[in-house]
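A quick note: this is a predicted structure, and the numbers were derived from the prediction, not measured.
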Amino acid sequence: QVQLVESGGGWVQAGDSLRVSCNASGRPVVGYVMAWFRRAPGKEREFVSFISQNSRTTTYADSVKGRFTISRDNAKNTVYLQMNSLKPEDTAVYYCAAKGDWFPSQVFDDYAYWGQGTQVIVSS
């Protein structure tokens, strides 16, 4: 089992930057694809980004491409999401997720492990 805990959320102004983190415990995450999803108020959970086990493959939703960067430090069992040029529409609860095979996915049903989420609020 993998336990995921997100941190780093907060309230920022439009145009600001914020980095959220996801710390894993229970098992080393080196063998897991890691991803970030988000759920905005009144909306369905949506894919943000994933990163492969060796960090060679990353993918981003069109809405965040060029502004967000996903990274991981397997030695620290931690995944990061650096968010720049934040917009009010980025306001959401951000969730970290992990899947224990070699196939990255944008589908949240494919991920077996989830954190509790961290709230990000971007004001205009």
Side-chain angles (χ1 to χ4, degrees):
Q1 296 291 328
V2 175
Q3 291 80 44
L4 304 174
V5 178
E6 301 93 338
S7 62
W11 177 83
V12 295
Q13 301 274 5
D16 285 351
S17 297
L18 195 65
R19 187 178 79 164
V20 292
S21 302
C22 171
N23 183 255
S25 61
R27 284 188 174 183
V29 294
V30 63
Y32 291 79
V33 171
M34 302 298 295
W36 288 94
F37 290 78
R38 67 186 182 185
R39 177 178 284 162
K43 295 188 177 181
E44 297 292 320
R45 191 175 305 192
E46 66 172 353
F47 168 78
V48 176
S49 180
F50 68 62
I51 186 168
S52 62
Q53 289 86 337
N54 59 10
S55 301
R56 289 180 181 175
T57 301
T58 58
T59 295
Y60 299 90
D62 288 343
S63 59
V64 307
K65 200 171 295 183
R67 300 187 297 121
F68 290 13
T69 302
I70 191 171
S71 62
R72 64 191 295 164
D73 185 336
N74 289 334
K76 295 182 178 180
N77 250 19
T78 302
V79 179
Y80 306 96
L81 185 69
Q82 176 68 42
M83 303 182 289
N84 298 329
S85 302
L86 281 161
K87 304 175 181 180
E89 50 264 44
D90 295 318
T91 295
V93 177
Y94 283 73
Y95 298 92
C96 177
K99 65 191 304 282
D101 59 33
W102 293 94
F103 305 103
S105 170
Q106 300 184 29
V107 179
F108 71 78
D109 280 343
D110 291 340
Y111 289 82
Y113 305 103
W114 290 86
Q116 298 279 8
T118 185
Q119 176 76 59
V120 173
I121 299 173
V122 184
S123 62
S124 57

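Across all their heavy atoms, S105 and F47 have their closest contact at O-CE1, 4.0 Å. When all heavy atoms of D101 and K99 are compared, the closest pair comes out as OD1-NZ, 2.5 Å.
Between the CE atom in M34 and the OG atom in S49 there is a gap of 11.5 Å [rounded to 0.5 Å]. Residue T58 holds its OG1 atom at 6.5 Å from CD1 of I51, rounded to the nearest 0.5 Å. Rounding to the nearest 0.5 angstrom, the gap separating the CD atom in E6 from the CH2 atom in W114 is 9.5 Å. One distance of note links CG of L81 with OG1 of T69; it measures 8.0 Å at 0.5 Å rounding. Expressed to the nearest 0.5 Å, how far CZ of F68 lies from CG of N84 amounts to 8.5 Å. Note that CD1 of I70 and OG1 of T57 are 11.5 Å apart. Values are rounded to the nearest 0.5 Å.
Listed by first then second residue, pairs satisfying ring pair (Phe, Tyr, Trp, His ring centres under 6.0 Å) with a partner in residues 75-99 number zero, not counting sequence neighbours. Listed by first and then second residue, the disulfide bond (SG atoms under 2.5 Å apart) pairs involving residues 35-70 amount to none (not counting sequence neighbours). Under the disulfide bond (SG atoms under 2.5 Å apart) criterion, no residue pair touches residues 33-63, with sequence neighbours excluded. Applying the disulfide bond (SG atoms under 2.5 Å apart) test to residues at least two apart or on different chains, the pairs with a partner in residues 93-124 are C22-C96.
W102 forms part of no hydrophobic cluster, judged by ILVMFWY side-chain heavy-atom separations under 4.5 Å.
Judged purely by atom type and a 3.5 angstrom limit, N77 uses its side chain to pair as donor or acceptor with the backbone of A24. Remark: side-chain polar atoms of T118 are not paired, donor with acceptor, to backbone N or O of S7 under 3.5 angstrom. At least one donor-acceptor pair under 3.5 Å links the side chain of R72 to the backbone N or O of S52. Under the 3.5 Å distance criterion, the side-chain polar atoms of R27 are left unmatched by any main-chain donor or acceptor of Y32. Between the side chain of Q53 and the backbone N or O of G31, at least one donor-acceptor pair lies under 3.5 Å. Side chain of Q119 to main chain of A92: a donor-acceptor pair is present (N/O by atom type, distance under 3.5 Å, no hydrogens or angles).
Scanning for salt bridge (charged side-chain N to carboxylate O under 4.0 Å, His left out) contacts around R19 gives an empty result, with sequence neighbours left out. Here D110 pairs with nothing under the salt bridge (charged side-chain N to carboxylate O under 4.0 Å, His left out) rule; sequence neighbours left out. For the side-chain hydrogen bond (donor to acceptor under 3.5 Å, both in side chains) test, no residue two or more places apart in sequence or in another chain qualifies with S55. With sequence neighbours left out, the ring-ring contact (aromatic ring centres under 6.0 Å, His included) criterion links Y60 to no other residue. Scanning for salt bridge (charged side-chain N to carboxylate O under 4.0 Å, His left out) contacts around D109 gives an empty result, with sequence neighbours left out. Residues passing the salt bridge (charged side-chain N to carboxylate O under 4.0 Å, His left out) test with E89: none are found, sequence neighbours excluded.
In the displayed structure, Q3 atom CD is contacted under 6.0 Å by more than 12 heavy atoms of other residues, nucleotides or ligands.
For the pair R38/E46, a side-chain contact is recorded, criterion being any heavy-atom separation below 4.5 Å from C-beta on.
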Side-chain donor-acceptor pairs of residues 8-16 under 3.5 Å, sequence neighbours excluded:
from: Q13; atom 1: OE1; to: S123; atom 2: OG; distance (Å): 3.2
from: D16; atom 1: OD2; to: Q13; atom 2: N; distance (Å): 3.1

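Under a hydrophobic-cluster definition in which Ile, Leu, Val, Met, Phe, Trp and Tyr are linked whenever side-chain heavy atoms come within less than 4.5 Å, directly or via other members, F50 and V64 are assigned to different clusters. Note on I121: it does not cluster hydrophobically with V93, by side-chain heavy-atom contacts below 4.5 Å among ILVMFWY residues. Both V48 and L86 are assigned to one and the same hydrophobic cluster, defined by single-linkage of ILVMFWY side chains at heavy-atom distances under 4.5 Å. Taking hydrophobic clusters as Ile, Leu, Val, Met, Phe, Trp and Tyr residues chained together by side-chain heavy-atom distances below 4.5 Å, W36 shares a cluster with V122. Connection of V29 to V20 is established within a shared hydrophobic cluster, with ILVMFWY side chains joined at heavy-atom distances below 4.5 Å, either directly or through further cluster members.
A salt bridge links D62 with K65: the distance from a Lys NZ or Arg NE/NH1/NH2 to an Asp or Glu carboxylate oxygen falls below 4.0 Å.
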Any chance you could lay out the side chain to side chain contact (heavy atoms under 4.5 Å, CB included) test for V120 and M83, step after step, and finish with the verdict?
CA-CA 10 Å; V120 173; M83 303 182 289; 3.9 Å; yes

